[in-house]
Protein chains: 2
Amino acid sequence: MEMDARKTVILQAIIRNYLETGEPVGSRTISKDTDLNLSSATIRNEMADLEEMGYIEQPHTSAGRIPTDKGYRFYVDTMMEAKDREMSEMKDVLLERQDRLEDMLRSVVKLLAQDTKYGAMITAPSTHSNKLKFIQLSRVDTAHLLAVIVIEGNVIRNRILTTQEELDEETVLKLNMLLNTQLSGVPISEINLSMIAAMKQQAGIHSGVIGEVIDAVAEAISEEDLQVYTSGATNILRYPELADNEKASQLINTFEEKALLGDLLTPEGTEGESETGIQVYIGSETKVQGMQDCSVVTASYELGDGLRGTIGIVGPKRMDYDKVVGTLKQLRTKLDDLYRNG
Amino acid sequence: MEMDARKTVILQAIIRNYLETGEPVGSRTISKDTDLNLSSATIRNEMADLEEMGYIEQPHTSAGRIPTDKGYRFYVDTMMEAKDREMSEMKDVLLERQDRLEDMLRSVVKLLAQDTKYGAMITAPSTHSNKLKFIQLSRVDTAHLLAVIVIEGNVIRNRILTTQEELDEETVLKLNMLLNTQLSGVPISEINLSMIAAMKQQAGIHSGVIGEVIDAVAEAISEEDLQVYTSGATNILRYPELADNEKASQLINTFEEKALLGDLLTPEGTEGESETGIQVYIGSETKVQGMQDCSVVTASYELGDGLRGTIGIVGPKRMDYDKVVGTLKQLRTKLDDLYRNG
DNA sequence: GTTAGCACTCTATCTCAATGAGTGCTAACA
DNA sequence: TGTTAGCACTCATTGAGATAGAGTGCTAAC
């Protein structure tokens, strides 16, 4: 059985209709909805073929048809028309919040959830493979040092260190000089043992502190590495197919436990559509346990100086792919532009 | 109608039973459960009295009785026996995470939710009415300054400032000196306009920067002031009386929008039980919209150096008050101890 | 290849009766 | 006067038909 033009039109009509209504679609509906001028009986024949090919299925005998994962996939790959959608408020947010990355992400993800009516998530741009800009040690009191670590892209991490030895202001100044001469501009991934050893040697009797600082740098960076912001978890309760207690609980929980979303939001290699930066995972295609009844659309974004993050939308399999993909495309370029010009 | 000993016993039995089962309690059940040796008919008479007094009600004729808000209130005020409950894992968390306040709070709130099976929330200790420890300005590049603000209790805030004028290292050093001499040890609430004016004057041509730094200090402190961590939002789906789509959606949403929880978690004056630091809000007693079907138990805690925060548990009105109050009492003292000894 | 017609299937909805838990009231009892 | 047995009554819940309606697959005619 091969896919011809007419079958494509019919499949498209079925999916479009199902996306709108969420109800199984019958042959009569299609007969009237399309301008093929075919009777319902003819549509029925075609539908039987489409079912045999695995694009649609019946929830039960004597019900209309609903798309299968394969059907959605076909739709997304060949029939989708991503609408370029402006989110008016988004612009303001992007302009205002430029100074506080965290706030900006929170606002973006919230607006995204409100606008799409699906669950939204966004990762803070990853700092991996980026350069240390500078390190600032300050004496807090006799036993504590404050280490402020600034990474290319003005990402700031700080940590309080408990020192074994008492350090006076002068020593702290020296250590600052040493650390910055050695580490400024060095990609984090390139800090290796021999560099550390060299610094420890130069630090002389204070080598212990150097070790602690380096540890703190490593920890500060790796620990908060994948920060995920989410919004609109409760939106999934809007969709009856996800709203039963069992599923909803698991899904909302996954949103709460942001760590579980990591797999979704860390792009792995370049697959299919990834030249556009947008990926669609339908039902069982997802990598995350307990999301088999959902679809996930992710988009990568980049903040000018090499900081990369990912945006994700989680909704029912019958989500409005056109709208979601369009919105993400738009947002993606907005974010890219923003920091290129900012 | 006055409350006598027997009525108290019966009311207690009704509430205890209802807390366990969640089902309306009938007269026969009470007749057998208590050791009063009364027939169900007698119990019925007493129940009619209790209903008239407003402590219990019937969901419909020919159903058993369930406690009213007033009934719960009576229970909590006079009949509750808070069990001192150890949470074994909690100890480890408190010991391990001492260094990273944020992580500690996240772990605590998560364990609390898991242990109680209710929704849990905790505020980061408030920095209000605390003293500035020191301010550190550093030059990031020609146009940007990094301001690190450390508050008593080692709470750190940082901010990147865009400066109008170019500043060399020396100037930054001077500004640092100036800021710290003037502001170190000063309670945040006492920074006023005349102090700022004085500093600006001393800063001479760099007075603009001083203004920006002060703004940043104010902003940094006020903005993230009430940081709320939550966990276990989905636990409310366990309780049928809260699990219908309408209510559940609103409740989980409130959890997501942590800002809305602020009212719950900012103690206002000293009411009823507050000498123990524990407050119980039953049903309509709550201050937050959309939580009329819940009860909320809050406990204040203090981290040694005057930092105060609040822990909250949200559950159905038929929550296990004994357990929750016991757990919070325990946790509260654990937290207090921790930083006193740490 | 397309269509009208028809029997068939299955879900959803409604009604109706039966069940059972629990009550309130009355009259008898200690 | 407080307690209890007994009984009629109420009302939510449950399950069993009965019914309607949507939609299909198949056949035969166009």
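The structure presented is a predicted model; accordingly, all values stated were derived computationally and were not measured. Lettering follows sequence order; numbering is per chain, from 1. Every heavy atom of this structure was used, including side-chain atoms; hydrogens, water molecules and symmetry mates were not.
Residues meeting the salt bridge (charged side-chain N to carboxylate O under 4.0 Å, His left out) test with Arg6(B), sequence neighbours left out: Glu46(B).
Looking at every heavy atom in both residues, Val109(A) comes nearest to Ser231(A) through O-CB, 3.6 Å. Nearest heavy-atom pair across Tyr118(A) and Gly315(A) is CD2-CA, 3.9 Å. Across Ile282(A) and Asp69(A), no two heavy atoms sit closer than the pair O-OD2, 3.9 Å.
Of all the residues in residues 237-245 of chain A, not one reaches under 4.0 Å from DNA chain C with any non-hydrogen atom. For DNA chain D, the residues of residues 15-40 of chain B within the heavy-atom distance limit of 4.0 Å (strictly under) are Asn37(B), Leu38(B), Ser39(B), sorted by number.
Annotation for Arg318(B): atom CZ counts as buried by contact number, over 12 foreign heavy atoms lying within 6.0 Å. Within 6.0 Å of CG in Asp4(B) there are more than 12 heavy atoms belonging to other residues, nucleotides or ligands. By the neighbour-count criterion of 12 heavy atoms within 6.0 Å, atom CZ of Arg16(A) is densely surrounded, having more than that number from other residues, nucleotides or ligands. Around atom CG of Asp244(A), more than 12 heavy atoms belonging to other residues, nucleotides or ligands sit under 6.0 Å away. Heavy atoms from other residues, nucleotides or ligands lying under 6.0 Å from CG of Asp84(B) number more than 12.
The list of side-chain hydrogen bond (donor to acceptor under 3.5 Å, both in side chains) pairs with a residue in residues 53-68 of chain A, not counting sequence neighbours, reads Glu51(A)-Arg65(A).
A salt bridge is defined here as a Lys NZ or Arg NE, NH1 or NH2 lying under 4.0 Å from an Asp or Glu carboxylate O, and Glu241(B) with Lys317(B) fails to meet this definition.
A 4.5 Å side-chain heavy-atom check between Tyr239(A) and Lys117(A) finds at least one atom pair inside the cut-off.
The residue among Ser62(B) and Thr42(B) whose nearest nucleotide of DNA chain D lies closer to the 5′ end is Thr42(B).
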Polar pairs (N or O, both sides) under 3.5 Å between protein and nucleotides 25-30 of chain D?
{"residue": "dG25(D)", "atom": "OP1", "partner": "Arg65(A)", "partner atom": "NH2", "Å": "3.0"}
{"residue": "dG25(D)", "atom": "N7", "partner": "Arg44(A)", "partner atom": "NE", "Å": "3.0"}
{"residue": "dG25(D)", "atom": "O6", "partner": "Arg44(A)", "partner atom": "NH2", "Å": "3.2"}

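Rounded to whole Å, atom P of dT24(D) lies 14 Å from atom CD of Glu57(A). With rounding to whole Å, Asp49(B) atom CG is found 11 Å from dT3(D) atom P. Rounded to whole angstrom, the span from the CD1 atom of Ile43(A) across to the C1' atom of dA4(C) amounts to 15 Å. Counting to the nearest Å, the P atom of dT24(D) and the CD atom of Glu46(A) are 14 Å from each other.
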Strand DNA chain D in bracket notation, Watson-Crick/G-U under 3.5 Å with | for pairs to another chain
||||||||||||||||||||||||||||||
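Lys258(B) and Thr230(B) share a side-chain donor-acceptor pair at under 3.5 Å.
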